[in-house]
Amino acid sequence: MQLSPRAPGFVANPYPAYAAIHRHGEAVFWEEYGHWCFAGYDIVNLLLRDKRFGRQITHVASRAELGLAEPAPHLSAFDAVEAHSLLELEPPAHTRLRTLVNRAFVARQVEQMRPEIATLADRLIDTFIADGGVELLSRYAEIIPVTVIARMLGIAEDMAPHLLDWSHRMVRMYTFARDEAVEIDANAAARDFASFIRDEIAQRRANPDDDLISLMLTRSARDGEILGDDEIVSTAILLLNAGHEATVHQIGNAVATILEFGLCPRAMFADRQTTALAIEEMMRFDPPLHMFTRYALTDCEPVPGVSLRKGETIGLLLAAANRDPRRFPDPGNFIANRTEGTHLAFGAGIHFCLGAPLARLELQIALPALFARLPSHPRLATTPQRRDAYHFRGLTELQLVWDQ
Ligand code: HEM
């Protein structure tokens, strides 16, 4: 398949291309990326759980063996953060780190934050409800997730603009055809972010509290597990970045879906059960993260006709899997009470989104709260434009207007 991930038509709407892939089969060699991509629901779900594939490769083969370039010196600070990132590790290192933070993110634990997230959402709506319009991403969608994750880590809320800036600059590393200027900037952001977290660690070491940074320090000491400061820095940065980058755009994509398709929020968000189902359908229908990659850890043929060599990269098209007609009949139709089961927007297997219960809770609060307070017919002031950042699908801005 030849298709630029930056082609404006594709960025605006990748779903026709996914439908074409489904008509052709379950996998496609994407020339621009230079690797196989998988789109079928069943195969993506299997490969995410398949131990023959991993996020890391240098634990099973040397760079020289794989023909990989040596780490670039201008990316040393960025690489240092990635080196201990949960998302980039494989067991046993992955299991050890994930177990340590997992307890804070299980559904029962995050559910306790419901009242404070609801209060935050209401407080933000108060700031614009009388204005007759708002740019929703900057005034609402972005603020809720960054505030919540900062609070969990015990970081002052007025740091939010810095956290967002560092995070956005680091995340640009994952976009297609990045250039060296992006790399240098991402490295500078990683260096400053890490230095900020090191200061936070020093403060918690002196004065432990009940936040996640303190917990990483004290629990690791208590369990006899020594978590080095580098590991705590990487984990805190990952939690802060992953804790808001996707949720912002899921809120934006969901609001755009409701308004573009003329859906009825009052019916969808009638009670907690209908809300939970509708949010899952939002995530199936237009998720914020479209592709994650894995390395083949061994030579293999995951589907007939696709032979992979050890070290080869594959792409798992989560958003295409969510539109597989073999799994979700009439996939281009938004059906709020679908019963076909889980989408893959949070991934699957050992790297399944750690923050899924938190993201779900934030969405289940933020969307109903917004539509409950807006007048019955909010409108899009301008046609929403998608960011030129495949595979992070989100809007550049979301301007809403309503009659007072
Ligand atoms: C709608 C919002 C979100 C979406 C769609 C999303 C999606 C994902 C996906 C697809 C993965 C798996 C990546 C892979 O398999 O390579 C992942 C991993 C992860 N997510 Fe999320 N995420 C969201 C929100 C959050 C939040 C709020 C947090 C808060 C902490 C979070 C933390 C993480 C972490 C730490 C990982 C790495 C887990 C691991 O490697 O074991 N995410 N997320």
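Residue numbers count from 1 along this sequence. Computed from a predicted structure; not experimentally measured.
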Exercise. Charged N to carboxylate O under 4.0 angstrom, Asp179 versus Arg172?
Worked result: no
Exercise. So, Glu231 and Arg96, do they make that salt bridge, N to O below 4.0 Å?
Worked result: yes
Problem set entry | Salt bridge flag under 4.0 Å for residues Glu312 and Arg309 | no
Problem set entry | Heavy-atom closest pair, residues Phe285 and Gly332 | CE1-O, 3.4 Å
For this session: Say whether Thr119 and Glu116, considering side chains only, have a donor N or O and an acceptor N or O under 3.5 Å apart.
Result: no
Problem set entry | Short side-chain donor-acceptor distance under 3.5 Å, Gln56 and His94 | no
Exercise. Does atom OH of Tyr295 have more than 12 heavy-atom neighbours, drawn from other residues, nucleotides or ligands, at distances under 6.0 Å?
Worked result: no
Problem set entry | N-O pairing of Glu32 and Arg6 below 4.0 Å | no
Problem set entry | Shortest non-hydrogen contact from Leu263 toward Met268 | CB-CE, 3.8 Å
Seminar exercise, completed: Tested for ring pair (Phe, Tyr, Trp, His ring centres under 6.0 Å) against Trp30, the lone hit among Tyr390, Phe176, Phe38 is Tyr390
For this session: Go through His74 and Glu183 one step at a time and tell me if the side-chain hydrogen bond (donor to acceptor under 3.5 Å, both in side chains) criterion holds.
Result: CA-CA 8 Å; His74 70 278; Glu183 295 182 348; 2.6 Å; yes
Exercise. Is it the case that Arg266 places NZ or CZ above or below the six-membered ring of Phe371, under 6.0 angstrom from the centre and within 45 degrees of the axis?
Worked result: no
Exercise. Looking only at heavy atoms, what is the nearest atom pair of Gly252 and Leu398, with distance?
Worked result: O-CD2, 3.7 Å
Exercise. Any idea which heavy atoms bring Thr247 and Ala359 closest together, and the distance?
Worked result: OG1-CB, 4.2 Å
For this session: Decide whether a cation-pi geometry holds between Arg169 and Phe193; the criteria are a distance under 6.0 Å from NZ or CZ to the six-membered ring centre and an angle within 45° of the ring axis.
Result: no
For this session: Using the six-membered ring wherever Trp is involved, compare the ring planes of Tyr174 and Phe78 and label them parallel, tilted or perpendicular (cut-offs 30° and 60°).
Result: tilted
Problem set entry | Among Gln399, Glu260, Glu397, the one residue meeting side-chain contact (heavy atoms from CB on, under 4.5 Å) with Pro384 | Glu260
Exercise. With distance as the sole criterion, is a donor-acceptor pair present between the side chains of Asn45 and Arg49 under 3.5 Å?
Worked result: yes
For this session: Would you sort out whether Ser167 and Glu245 count as a side-chain hydrogen bond (donor to acceptor under 3.5 Å, both in side chains), showing the intermediate values?
Result: CA-CA 8 Å; Ser167 170; Glu245 287 286 350; 2.5 Å; yes
Problem set entry | N-O pairing of Arg204 and Glu200 below 4.0 Å | yes
For this session: Supply the atom-to-atom distance Asp158 CG to Thr147 OG1, rounded to the nearest 0.5 angstrom.
Result: 11.0 Å
Exercise. Is the Lys NZ or Arg CZ of Arg327 less than 6.0 Å from the centre of Tyr41's six-membered ring, within 45° of the axis?
Worked result: yes
Problem set entry | Flag for Asp211-Ser214: side-chain donor and acceptor within less than 3.5 Å | yes
Seminar exercise, completed: The reported gap from OG1 in Thr275 to CG in Leu367 (rounded to nearest 0.5 angstrom) is 9.0 Å
Seminar exercise, completed: Residue pairs meeting salt bridge (Lys or Arg N to Asp or Glu O under 4.0 Å), one or both in residues 280-291, sequence neighbours left out, come to Glu280-Arg360, Glu281-Arg284, Glu281-Arg338, Asp286-Arg386, Asp286-Arg393
Seminar exercise, completed: Shortest non-hydrogen pair, Asn187 vs Ala77, comes out as OD1-N, 2.9 Å
Exercise. Are Arg373 and Asp126 close enough for a salt bridge, meaning some N to O gap below 4.0 Å?
Worked result: yes
For this session: Establish, yes or no, whether a centroid distance under 6.0 Å links the rings of Phe261 and Phe334.
Result: no
For this session: State whether Arg55 and Glu90 are salt-bridged, where the test is any N-O pair (Lys NZ or Arg NE/NH1/NH2 against Asp/Glu carboxylate O) under 4.0 Å.
Result: no
Exercise. Would you call Asp403-Arg379 a salt bridge at under 4.0 Å N-O?
Worked result: yes
Exercise. Closest heavy-atom contact between Met291 and Cys37?
Worked result: SD-SG, 4.3 Å
